[in-house]
Amino acid sequence: MTRDAASIGAGLAPAREARPIRAGERIHVIGAAGAGASAAALLAVDAGAIVSACDAGGPSPYSEAVERAGITVAIGHDVAHVATEPRPDRVAVTKALTAVDPDHPELRAARERGIPLEAWQQVIADAAVGRTLVAIAGTHGKSTTAGWLVHVLVEAGLDPAAFVGALQPATVTGGVPSTARTGRGAAFVVEADEYAGNFDAYRPSIAVLTSVEWDHPDVFADETAVLDAFEAWLARMPADGCLVANVGDPRVAALLDRPALGGLRMIRYALEDAAGTVTAGLRGRITSADASGTTLDIAGLEPGGTTLRARLATAGRHNAANALGVAGAAASLGVAHADVIRGLESFRGVGRRLERKGEAGGVVVYDDYGHHPTAIRATIEAIRQREPGRRIWAVYEPLTYHRTAALIDAFAASLATADAVAIADIWAGRDPDTTIASAAGLAGAVAAVRPDLHVAAPGSVDATAEWLARTVRAGDAVLVMGGGHSYRIATGLLERLGKETASR
């Protein structure tokens with residue numbers, strides 16, 4: 001059963017035109033240990049706001065940067081956060097809360113006092129007023145593409161501000177790893193998510209569209225509904241806006257033919273062997289791929305038909321396509337082509353996107369946010385490029401029950417491309433119904449696809465790390481994927497393997 005954006009964001013004010021954040025404006029951020037809300041808190045402080053924050057889940061990989069900025073993240077929710085003087089002028093909320101508890105006491109107390117409730121994306125849009133807003137959208141590749149573009153702009157000396165839905169390294173943020181960057185340059189890069197109207201607050205001058213596929217089955221009934229959402233959002237771009245679109249994705253190519261988008265300036269890009277008969281002005285061709293990276297020839301960036309070559313440190317065809325999107329957006333911002341290539345080559349990734357966490361006992365461990373069948377399949381292919389000859393473990397913490405139930409056959413087929421599989425308990429997230437799927441059910445579906453495969457459902461993320469430590473062997477590569485607490489599997493496995501190695 002699907003729910004519309006208004007239902008998921010019940011009680012939140014609708015997205016509006018962005019307005020500057022006032023100096024001294026008081027903003028309370030609920031869910032500030034999350035990837036997006038933490039960035040909203042940091043960018044609001046940088047814009048001159050006085051920010052308070054809370055999160056029911058406790059510290060996270062994203063909350064250290066918030067605390068370092070002088071914002072105390074209170075653990076848990078409390079009516080006092082909005083009822084005690086001086087009260088906040090507005091409250092920024094994560095829809096992970098409104099989706100499951102729209103009448104939460106803290107939210108109800110704010111409404112009773114006439115304090116506006118807004119999605120945290122609105123705060124980020126307000127922080128970007130007066131800048132050139134660049135939005136990275138698409139079903140897959142948003143965080144990597146956004147982080148990569150920020151890196152290119154930083155390396156070119158353009159000092160961008162940004163929100164990226166994954167940790168950017170300290171070399172980019174200038175402090176601790178964070179999902180926000182507080183630069184003073186003209187460009188402001190944001191990751192724009194289609195879930196339940198999350199991207200509606202953004203009115204970008206430049207948009208990058210990496211891919212379109214059916215996801216979020218709790219919001220979108222089918223693929224057409226997804227396409228409609230992207231069309232409606234892109235149609236609100238300014239008349240002189242530029243859309244950088246991956247026409248190597250057939251759904252993106254189909255979307256561009258819709259009349260509502262006819263007035264936009266477009267840069268069409270595609271990997272040559274993926275474009276088929278589609279015309280793309282910006283083209284890429286992979287000429288080699290090995291454990292150390294991918295060589296990409298780029299045509300259409302340099303005038304006169306000159307082909308530029310970039311040696312990417314990343315692995316996987318999907319990342320080569322992401323590089324083209326970055327190149328198109330950077331060129332639209334006026335970055336010199338030599339600086340584009342240099343930035344493409346020096347990028348080492350963002351947090352939890354094919355991130356190599358370490359090696360212990362001869363086992364190498366990677367962590368990734370992959371939570372959709374297409375992303376899982378592509379990431380397994382990339383890890384085979386990165387770690388040739390190793391037995392590949394796909395370890396997955398399913399992200400939400402509704403997605404697992406709706407796409408279970410596709411999940412099973414993708415996971416079965418690994419050499420061994422472990423499924424941790426499902427992370428519910430914003431799910432109101434936790435009865436429609438299970439980790440054991442998904443493990444059974446994988447085993448049905450590949451009866452010869454070693455498949456298990458060990459339990460919680462901690463139990464899964466413990467089970468893996470007893471099961472993996474030297475020479476294995478473990479790819480941990482998921483969007484909840486799956487990162488604890490990677491760190492926990494390395495800790496256990498390290499202790500085991502030290503005890504021998």
Side-chain angles (χ1 to χ4, degrees), residues 1-18 30-31 34-37 40 90-104 106-108 110-111 116-125 135 137-140 142 165 190-204 207 209 211-237 251-252 254-255 258-261 371-372 398-408 426-437 483:
M1 182 181 72
T2 59
R3 304 164 65 194
D4 61 19
S7 173
I8 289 171
L12 300 183
R16 53 166 172 77
E17 290 289 335
I30 297 178
R90 56 171 155 158
V91 175
V93 187
T94 171
K95 290 179 185 175
L97 178 58
T98 59
V100 296
D101 193 2
D103 200 35
H104 186 279
E106 193 167 340
L107 302 182
R108 187 170 64 249
R111 286 194 294 269
L117 295 171
E118 298 179 325
W120 57 257
Q121 287 88 352
Q122 188 67 63
V123 173
I124 292 178
T139 307
H140 311 296
K142 292 186 291 294
V190 296
E191 179 175 330
D193 173 30
E194 72 273 19
Y195 178 82
N198 280 346
F199 54 21
D200 287 346
Y202 304 129
R203 303 289 193 275
L209 186 56
S211 56
V212 175
E213 191 171 5
W214 185 45
D215 191 14
H216 305 300
D218 59 329
V219 175
F220 302 115
D222 51 29
E223 185 178 286
T224 298
V226 180
L227 288 163
D228 290 345
F230 277 107
E231 178 188 18
W233 176 63
L234 292 169
R236 291 193 291 269
M237 289 179 65
R251 300 172 192 87
V252 172
L255 182 63
R258 293 193 173 193
L261 306 185
H371 59 276
H372 184 280
L399 181 60
T400 73
Y401 287 78
H402 65 266
R403 181 185 282 108
T404 305
L407 302 174
I408 190 166
I426 297 173
W427 175 257
R430 52 203 169 225
D431 264 326
D433 186 352
T434 60
T435 66
I436 56 176

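In what follows, residues are counted from 1 in the order of the sequence shown. Note that the structure is a prediction, hence the values are computed from the model and not measured.
The backbone N or O of Glu213 sits less than 3.5 Å from a side-chain atom of Thr139, completing a donor-acceptor pair. For Asp431 (side chain) and Thr434 (main-chain N/O), no donor-acceptor pair under 3.5 Å exists by modelled atom type. For His372 (side chain) and Trp214 (main-chain N/O), a donor-acceptor pair under 3.5 Å exists by modelled atom type. Side-chain atoms of Ser211 come within 3.5 Å of backbone atoms of His140 as a donor-acceptor pair (strictly under, hydrogens ignored). Under a 3.5 Å cut-off, the side chain of Lys95 and the backbone N or O of Ala196 do form a donor-acceptor pair. Distance alone, capped at 3.5 Å, places no donor-acceptor pair between the His216 side chain and the Asp218 backbone. Using modelled atom types, no side-chain atom of Ser7 and backbone atom of Arg3 make a donor-acceptor pair closer than 3.5 Å.
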side-chain contact (heavy atoms from CB on, under 4.5 Å) between His402 and Ile436, intermediate numbers included: CA-CA 7 Å; His402 65 266; Ile436 56 176; 4.2 Å; yes
For Leu234 and Leu255, run side-chain contact (heavy atoms from CB on, under 4.5 Å): C-alpha distance rounded to whole Å, both residues' side-chain angles, the deciding distance at 0.1 Å, then the answer. CA-CA 10 Å; Leu234 292 169; Leu255 182 63; 4.1 Å; yes
Residue pair Phe230, Glu194: steps toward the side-chain contact (heavy atoms from CB on, under 4.5 Å) verdict: CA-CA 7 Å; Phe230 277 107; Glu194 72 273 19; 3.8 Å; yes
What do the steps show when you test Arg258 against Asp228 for side-chain contact (heavy atoms from CB on, under 4.5 Å), and what is the final call? CA-CA 10 Å; Arg258 293 193 173 193; Asp228 290 345; 2.6 Å; yes
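For the pair Leu97/Ile30, a side-chain contact is recorded, criterion being any heavy-atom separation below 4.5 Å from C-beta on. Glu223 is listed as a side-chain neighbour of Arg251, based on a closest heavy-atom distance under 4.5 Å. Under the 4.5 Å side-chain criterion, counting only non-hydrogen atoms from C-beta, Pro204 is in contact with Trp233.
Summarising the geometry, atom CD belonging to Gln121 is positioned 11.5 Å from atom OH belonging to Tyr195; distances are rounded to the nearest 0.5 Å. Note that CD1 of Ile124 is 9.5 Å distant from CD of Glu191, once rounded to the nearest 0.5 Å. Between Glu118 atom CD and Arg90 atom CZ the span is 5.0 Å, to the nearest 0.5 Å. Distance CG/Asp222 to OG1/Thr2: 9.0 Å, rounded to 0.5 Å.
The two residues Trp120 and Tyr202 make their nearest non-hydrogen contact at CZ3-OH, 4.2 Å. For Ala110 against Val91, the heavy-atom pair with the smallest separation is CB-CG2, 4.3 Å. Residue Leu117 comes nearest to Leu107 through the heavy atom pair CD1-O, 3.8 Å, listed as atom of the first residue, atom of the second, then distance. Nearest heavy-atom pair, Ala92 versus Val123, reported as atom, atom and distance to 0.1 Å: CB-CG2, 3.7 Å. Taking both residues in full, the closest heavy atoms of Ile8 and Thr98 are given as O-OG1, 2.6 Å, listed atom of the first, atom of the second, then distance. Scanning all heavy atoms of the two residues, the minimum distance from Ala15 to Ala201 falls at CB-N, 3.8 Å.
The existence of a salt bridge linking Arg236 and Asp200 is confirmed by a sub-4.0 Å separation between a basic side-chain nitrogen and an acidic carboxylate oxygen. Salt bridge Asp103/Arg111: present, at least one basic N to carboxylate O contact under 4.0 Å. Under a 4.0 Å N-O distance rule, the pair Asp101/Arg108 does not qualify as a salt bridge. Salt bridge present: Arg403 and Asp215 bring a charged side-chain N and a carboxylate O closer than 4.0 Å.
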